[in-house]
Amino acid sequence: MHTVVSRDGSGIGLRPVSDTGVPEGEPRVVETSALAQEVARDEAAHVRWTWDDTNGWYPEFLAEGVRVDRAHDLRLAHAVLRASTLSAHTALAEAGATAWDRLTPIPPPGGPTAAALVRPDRHPGAEALFDLGESGPAATVPAGSAADDPVDPLDPVTELAAQLLAIKDSTDPGRLRLLLAAESAGALAAAEMHHAGLPWRGDVHDEILTEALGPRPRPGARPAKLEALAQKIRAALDAPPTLNPDSHQDLLRAMEYAGVGSRSLRKWELEKLDHPVIAPLLEYKSLYRLYTANGWNWLDTWAPDGRFRMEYVVGGVVTGRWASTGGGALQLPHNVRRAVVSDPGWTFVVADAAQLEPRVLAALARDERMAAAGRTKDGASTDMYAGIVATGAVDSREHAKVGMLGAMYGGTTGVSAQVLPRLARAFPQAIELVERAARAGERGEVVTTRLGRSSPLPGESWAAVQGSAFDEDAGADAQSRARSQTRSWGRFTRNFVVQGTAAEWALCWIASIRRRLWALGEDASDGAPGLAPAPFDRRPHLVFFLHDEIVVHAPAALADVVAQEVRAAAEEAGRLLFGDFPVDFPLSVAVTESYADAKG
DNA sequence: ATTGAGAGCGCG
DNA sequence: AAAGCGCGCTCTCAAT
């Protein structure tokens, strides 16, 4: 059973809809203040909360201290179903693009990103659709128009029915149902993580910055340590005080004049050079990066009150991985993770999946030998790369790692290319799977993940370049451009199946974790309530996610049981995706009060 | 003033 | 040839 959520006048309309998409009764209209008890009523019946965009509703629920267990995010589901090869022949996919295809993600509320958008343009196509004309502030559809307008293109009940039908008519309803449930659960988790925030000690962050850069400078000034390094750079280059080390052009000119012999400023290029400017320059670049990307400005903007409220974009990457916007949540540098400290009486459970992608590949290809190489033996967690060495396929862990990465990314040079034939001999099924994905991409075809997320088609310019290579007068460069583009798209599809399926594993993992954590209930010890907002103030909850890694903030008394649940969730995710195929997804798990201490 | 590119580095 | 996948952010500089 679904509860479809929509605006209804000044309140929220909640409408029951069956699992076949049939409305069962009229919407009941609820004021926000009554939300908690209304939600509790439906939660008892295990409904799936169905809405156009999780960020348009769930933050309001959470602000009332209300958590929901299951959801169906129509925007995210629509995108999957439109593209998936499993639902390609359904009415939803065969119809033209609709208003649902033009929806853009809603940023979480209250954050800098939301504030930066004066008026978020929810429906880019709305003006054309409603032909609002030139008068009037091109804004919004009047409230309640859904009722007056018989053809509301964004009616959630109509869309839900269409989606449920597409799932039923697809070639594998089970997989798509799982994918959409996981995707929506991810949306819930992302909203909850934004709501709770990652505990962030501003004072520790400031310490890190001051130690590295000197005290916070006045606006417009350079921090002391950076200024000192700038002087050293100028001295080493015999350059005037006007030389600005932040300007690549300036710097390259000065370096050429001084005969340093480098045309780029890339770290790995500079490291090969021998010149007095290199050392201070490398240090300058590193500190400059810290200062600009995660310095005091970042702290003021993103973690002003003891919590970093990251803004995830669920489904933001074509492969199904999450993206982030604004705070750079997915690029949190290791050197500032020391500022992530749990609340008094609380602790972190940090877990990451070891070698997730090669394990996913082994399972996807049902390559028993590769899976066996990664299997946990005698209860001890096995390093998959070491396991590959143990099969005799390659002679060092480094070769195993580089070779596997090359196989999954499409490496054609160096060690990875050298090792590939040996991997192909030892694990023909796994290697064949990525090779086939690459060839499909080179032909301009679509590839699909385990649960049914399909890759996009190459853009129109792709076909144009391919076509031009077949012209009578096609030059050698046109042909080589086409060839290079072909290979490039092959590398993309090669990686898509692995990265995308790994993202599905991670979604299932998160979905399972959040359900298990909630089931643990409130902290029964008389420990500190912590500073987390309701409904998580006495409960362990997810605070961070990074592709194959999670952080749970938990009352200290619950840390061990949380760790168990996180491990159990990983096993569950493996079963959900791959059934009884014997593949392990071992985790490294740490219980720690500082995120920086967890990395192993 | 705003916008877009290129460069570079952070994360997995 | 630091290759080979996926991203976001911040800076400078030139173009609008």
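Just so it is clear, the values below take in all heavy atoms, side chains as well, and ignore hydrogens, waters and symmetry mates.
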Requested in this report: Could you please name the option among C:dA2, B:dG10, C:dC9 that lies closest to any side-chain atom of A:T325?
Outcome: C:dC9
Query raised in the report: A:S247 has a side chain; which of C:dC13, B:dG8, C:dA2 sits nearest to it?
Result: C:dC13
Query raised in the report: Between B:dG12, C:dC11, B:dG8, which one does the side chain of A:T292 approach most closely?
Result: C:dC11
Report task. Using a strict cut-off of less than 4.0 Å between a Lys/Arg side-chain nitrogen and an Asp/Glu carboxylate oxygen, indicate whether A:R289 and A:E283 qualify as a salt bridge. Result -> no
Report summary line: Taking for A:G326 and for A:W268 the nucleotide of DNA chain C with the nearest heavy atom, the one nearer the 5' end belongs to A:W268
Report summary line: Rounded to whole Å, CZ of A:R266 lies from P of B:dG10 at a distance of 14 Å
Query raised in the report: Is A:Q331 side chain donor-acceptor paired with the C:dG8 base, going by distance under 3.5 Å alone?
Result: yes
Report summary line: Separation of B:dG12 atom P from A:Y409 atom OH, nearest Å, is 11 Å
Report task. Could you check which of C:dC5, B:dG8, B:dC11 has an atom nearest any side-chain atom of A:L546? Result -> B:dC11
Query raised in the report: Any chance the rings of A:F348 and A:H553 have centres within less than 6.0 Å?
Result: yes
Query raised in the report: Which nucleotide in the list B:dG8, C:dC5, B:dC9 gets nearest to the side chain of A:L265?
Result: B:dG8
Query raised in the report: Taking the side chain from A:S286 and the backbone from A:L282, do they hold a donor-acceptor pair closer than 3.5 Å?
Result: no
**Report entry** Spacing of the P atoms in C:dA1 and B:dG8 (rounded, Å)
**Finding:** 13 Å
Report summary line: Taking C:dC13, C:dC5, C:dC9 as options, the one with an atom nearest any side-chain atom of A:F492 is C:dC5
**Report entry** Nearest-nucleotide comparison on DNA chain C, the residue closer to the 5′ end among A:E269 and A:D250
**Finding:** A:E269
Requested in this report: Provide the distance between the two P atoms, one in C:dG4 and one in B:dA5, to the nearest whole Å.
Outcome: 23 Å
Query raised in the report: Taking any strand in view, what nucleotide pairs with C:dA3 in a Watson-Crick or G-U wobble way, both distances under 3.5 Å?
Result: none
Report task. Go through B:dG10, B:dG12, C:dC7 for me and flag the one nearest to the A:V318 side chain. Result -> C:dC7
Query raised in the report: Think A:H334 has a side-chain N or O under 4.0 angstrom from the OP1 or OP2 of B:dG12?
Result: yes
Report task. Check every atom of C:dA3, B:dG12, C:dC5 against the side chain of A:N495 and return the nucleotide holding the closest atom. Result -> C:dC5
Query - Between A:W298 and A:H205, ring centroids under 6.0 Å - result: yes
Query raised in the report: Does A:R321 make a side-chain donor-acceptor contact with the base of B:dG12, cut-off 3.5 Å?
Result: yes
Report task. Determine, for A:R222 against A:D246, whether the closest basic-nitrogen to carboxylate-oxygen distance falls under 4.0 angstrom. Result -> yes
Requested in this report: Look at the side-chain N and O atoms of A:K267 and state whether any lies under 4.0 Å from the OP1 or OP2 oxygen of B:dG10.
Outcome: yes
Query raised in the report: To the nearest angstrom, how far is A:E311 atom CD from C:dC9 atom P?
Result: 9 Å
Query raised in the report: Is any NZ, NE, NH1 or NH2 atom of the basic residue among A:D238 and A:R234 found under 4.0 Å from an Asp or Glu carboxylate oxygen of the other?
Result: no
Requested in this report: Output the single nucleotide from C:dG8, C:dC5, C:dC7 whose closest atom is nearest the side chain of A:V317.
Outcome: C:dC7
Report summary line: Ranking C:dA2, C:dC9, C:dT12 by distance to the side chain of A:D246, first place goes to C:dT12
**Report entry** Value in whole Å for how far the P atom of C:dT10 lies from CG of A:L332
**Finding:** 13 Å
Query raised in the report: C:dC5 base to A:R491 side chain: any donor-acceptor pair below 3.5 Å?
Result: no
